[in-house]
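No experiment lies behind these values; they were computed from the predicted model shown. All residue numbers refer to positions in the sequence shown, counting from 1. Atoms considered below: every heavy atom in the structure, side chains included; atoms not considered: hydrogens, waters and symmetry mates.
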Amino acid sequence: MDQFNKGVKVAIFILMLATIGSEERRCYCKVVQFIFGDSLSDVGNNNYLSKSLARAALPWYGIDFGRGMPNGRFTNGRTIADIVGDRMGLPRPPAFLDPSLDDETILNSGVSYASGGGGILNETSSLFIQRFSLSKQIELFQGTQEMIKMKIGETAATNFFQQAHYVVALGSNDYINNFLLPVYADSWTYNGETFTNYVIASLDGQLRLLHSLGARKLTFFGLGPMGCIPLQRFLTLSGECQESTNKLSIMFNKKANTVLETLSKTLPNATYLFGDAYDIFQDLINRPEIYGFSNSNEPCCRVAKIRPTLTCTPLSSLCKDRSKYVFWDEYHPTDKANEVIANAVVAKLGLAKPSNGTHNS
């Protein structure tokens, strides 16, 4: 009898080891996204930052998304990241600060850390009081990793994060809400090229950090023609695009593309892509009628004829047909424009729709 009990105990012990081992080896192979960005990608994080001056918490933001209520997106509908992810067959990740976010949601949908006003540099958009810089977003991602490791074990977590897709889309605020505003020290410390080098060096280090944390498949979205957003055009006497600002976008994109190419060649198993949307965005602005638009220089949402209207509010009036306007407010494209830009990036990069099933190793 004692020998039988001893045998049972041994069997139970072996079963326990097998169970623990299978949980550790189990492959959570659902492919998800982790998004790092600014207001062009924010899906609600800033709405939970009560002191932030960059929030999309009021109508008419989100009017063409879901139930038509504000959801944190700085547009009337979808972001470019939303649409690119949809085309790739990936689930849309919720905001990191969404109260409903838990480990199961992360395993099934990923997370978006994007924050309106966020920049590659920590000092960018400090006038907005609260926002997540890229460094802060990566810090939050590290916390997410620890949570998932506790949930499924380190080996399975490593595989999960290495199989995920990563989107990084920042840089415009580093110019518009930093370098180009004389209230920031960077605007009089650097010239255009030395500032761009400073930003690119910071970006290089942050992308290397993401790789060390498991990011193997990453797409970085470059800058559009910043000098052609409605606010920048309004600030000129002619109402035309500010070409000096556009040249900063082009310089940044060229240097960022070089960084992505270098990292892809030198970092183990890294596929880092540069999503260049500058040309399609510029063509959309220059020839809106080709793409079905009628206005590419004014915001759809504004307060009567008052310009500039820095944000969309319940007091704002909307254009008659939102699908005919390239810009939603003084800074951000409409859902329809985002769709044109996103489709062009998907086509240029050949982003294929992946299998999103769950398999055991």
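With rounding to the nearest 0.5 angstrom, the OG atom of Ser115 is 13.5 Å from the OH atom of Tyr48. Within the model, atoms CZ of Arg287 and CZ of Phe293 stand 13.5 Å from one another, a figure rounded to the nearest 0.5 Å. To the nearest 0.5 Å, atom CD1 of residue Ile80 and atom CD of residue Glu339 are 11.5 Å apart. To the nearest 0.5 Å, atoms OH (Tyr325) and OG (Ser296) are separated by 10.5 Å. With values rounded to the nearest 0.5 angstrom, Asn71 atom CG is found 5.5 Å from Phe65 atom CZ. The distance from the CH2 atom of Trp60 to the OG1 atom of Thr313 is 9.5 Å, given to the nearest 0.5 Å.
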(message) With side chain to side chain donor-acceptor pair (under 3.5 Å) as the criterion, how do Ser133 and Asn122 come out once you've worked through the C-alpha distance, each side chain's angles and the decisive distance to 0.1 Å?
(response) CA-CA 5 Å; Ser133 66; Asn122 291 332; 2.9 Å; yes
(request) Test side-chain contact (heavy atoms from CB on, under 4.5 Å) on Thr219 and Val84 and set out the steps. (result) CA-CA 11 Å; Thr219 302; Val84 171; over 6 Å; no
(request) Take Phe34 and Phe141, measure what ring pair (Phe, Tyr, Trp, His ring centres under 6.0 Å) needs, and give me the verdict at the end. (result) CA-CA 8 Å; Phe34 294 98; Phe141 173 63; 5.3 Å; yes
(request) Given side chain to side chain donor-acceptor pair (under 3.5 Å), test Thr124 with Asp174 step by step and report yes or no. (result) CA-CA 5 Å; Thr124 289; Asp174 293 291; 2.6 Å; yes
(request) Go through the steps to decide whether Leu210 and Val168 satisfy the test side-chain contact (heavy atoms from CB on, under 4.5 Å), and finish with yes or no. (result) CA-CA 10 Å; Leu210 280 174; Val168 180; 3.9 Å; yes
(message) For a side-chain contact (heavy atoms from CB on, under 4.5 Å) check, start with the C-alpha distance between Tyr166 and Phe161, then their side-chain angles and the critical distance, and finish with the verdict.
(response) CA-CA 9 Å; Tyr166 295 78; Phe161 287 110; 3.6 Å; yes
(message) Using side-chain contact (heavy atoms from CB on, under 4.5 Å), reason through Tyr198 and Leu121 one step at a time and then give a plain yes or no.
(response) CA-CA 9 Å; Tyr198 170 37; Leu121 303 178; 3.5 Å; yes
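Looking at every heavy atom in both residues, Thr196 comes nearest to Lys255 through CG2-CD, 3.7 Å. Nearest heavy-atom pair, Ser135 versus Gln206, reported as atom, atom and distance to 0.1 Å: OG-NE2, 3.0 Å. Taking every heavy atom of both residues into account, Ala277 and Ile341 meet most closely at CB-CG2, 3.6 Å. A pairwise comparison of heavy atoms in Pro182 and Ser187 identifies CA-OG, 3.1 Å as the closest pair. Residue Gly192 comes nearest to Leu248 through the heavy atom pair CA-CD2, 3.9 Å, listed as atom of the first residue, atom of the second, then distance. Minimum heavy-atom separation, Asn45 to Ser112: ND2-O, 2.9 Å.
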Side-chain donor-acceptor pairs of residues 89-97 under 3.5 Å, sequence neighbours excluded:
from, atom 1, to, atom 2, distance (Å)
Arg92, NE, Asp86, OD1, 3.1
Arg92, NE, Asp86, OD2, 3.3
Arg92, NH2, Asp86, OD2, 2.5

Extract all donor-acceptor atom pairs below 3.5 Å that involve side chains of residues 223-240 and protein atoms in other chains or at least two apart in sequence.
from, atom 1, to, atom 2, distance (Å)
Gln232, OE1, Gln242, NE2, 3.4
Gln232, OE1, Thr245, OG1, 3.4
Arg233, NE, Gly239, O, 3.1
Thr236, OG1, Arg233, O, 2.7
Thr236, OG1, Gly239, N, 2.9
Thr236, OG1, Glu240, N, 3.4
Thr236, OG1, Glu240, O, 3.2
Ser238, OG, Glu240, N, 3.2

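Cluster annotation: Val111 is connected to Val167 through the hydrophobic network of ILVMFWY side chains, with a link wherever side-chain heavy atoms come within less than 4.5 Å. Under the 4.5 Å side-chain heavy-atom criterion for Ile, Leu, Val, Met, Phe, Trp and Tyr, Leu203 and Ile35 are members of the same hydrophobic cluster. Cluster annotation: Val43 is not connected to Ile106 through the hydrophobic network of ILVMFWY side chains, with a link wherever side-chain heavy atoms come within less than 4.5 Å. Put simply, Leu213 and Val32 are part of the same group of oily side chains (I, L, V, M, F, W, Y) that touch within less than 4.5 Å, one to the next. Both Leu263 and Leu260 are assigned to one and the same hydrophobic cluster, defined by single-linkage of ILVMFWY side chains at heavy-atom distances under 4.5 Å.
Checked against the 6.0 Å centroid threshold, Phe132 and Tyr113 do not count as a close aromatic pair.
Of the possible polar contacts, one joining the Tyr61 side chain to the Cys312 backbone as a donor-acceptor pair under 3.5 Å is found. A donor-acceptor pair is defined here as one N or O able to donate and one able to accept, closer than 3.5 Å; no such pair exists between the side chain of Ser52 and the backbone of Ile129. Of the possible polar contacts, one joining the His211 side chain to the Pro268 backbone as a donor-acceptor pair under 3.5 Å is found. Formation of a donor-acceptor pair under 3.5 Å by the Glu330 side chain with backbone atoms of Thr309 is found in this model. Asn253 places no side-chain N or O within 3.5 Å of a backbone atom of Gly222 that could act as its donor or acceptor partner. Side-chain atoms of Lys217 never come within 3.5 Å of backbone atoms of Ala164 as a donor-acceptor pair (strictly under, hydrogens ignored). A donor-acceptor contact shorter than 3.5 Å links the side chain of Asn295 to the backbone of Asn297. Not a single donor-acceptor pair under 3.5 Å links the side chain of Asp329 to the backbone N or O of Cys301. Between the Tyr272 side chain and the Ala215 main chain, a donor and an acceptor come within less than 3.5 Å of each other.
Between Asn246 and Glu243 the shortest side-chain heavy-atom distance falls below 4.5 Å. You'll find the side chain of Ile120 reaches within 4.5 Å of the side chain of Phe252, heavy atoms only. Between Leu107 and Ile152, some side-chain heavy-atom pair lies under the 4.5 Å cut-off. For the pair Arg55/Pro70, no side-chain contact is recorded, criterion being any heavy-atom separation below 4.5 Å from C-beta on. Annotation: side chain of Asp38 is in contact with side chain of Ser172 (closest heavy-atom distance under 4.5 Å). For the pair Thr79/Phe74, no side-chain contact is recorded, criterion being any heavy-atom separation below 4.5 Å from C-beta on. Side-chain contact check for Thr105 versus Asp98: every heavy-atom pair is 4.5 Å or farther apart. A heavy-atom distance below 4.5 Å is not found between the side chains of Lys336 and Arg322.
Using a cut-off of 4.0 Å between Lys/Arg side-chain N and Asp/Glu carboxylate O, Glu104 and Lys151 are scored as salt-bridged. Look at Lys136 and Glu139 and you find a salt bridge, because one of the NZ, NE, NH1 or NH2 atoms lies within 4.0 Å of a carboxylate O, short of that distance.
Remark: the Thr75 side chain and the Asp335 side chain contain no N/O donor-acceptor pair separated by less than 3.5 Å. Residues Asn46 and Arg131 bring no donor and acceptor atom of their side chains to less than 3.5 Å of each other. Looking only at atom types and distance, the side chain of Asn197 has no donor-acceptor partner in the side chain of Tyr190 under 3.5 Å away. When only modelled atom types and interatomic distance are considered, Tyr175 and Ser249 share no side-chain donor-acceptor pair under 3.5 Å.
Within 6.0 Å of CE in Met150 there are 12 or fewer heavy atoms belonging to other residues, nucleotides or ligands.
Looking at residues two or more places apart in sequence or on another chain, you find a side-chain contact (heavy atoms from CB on, under 4.5 Å) between Asn269 and Arg216.
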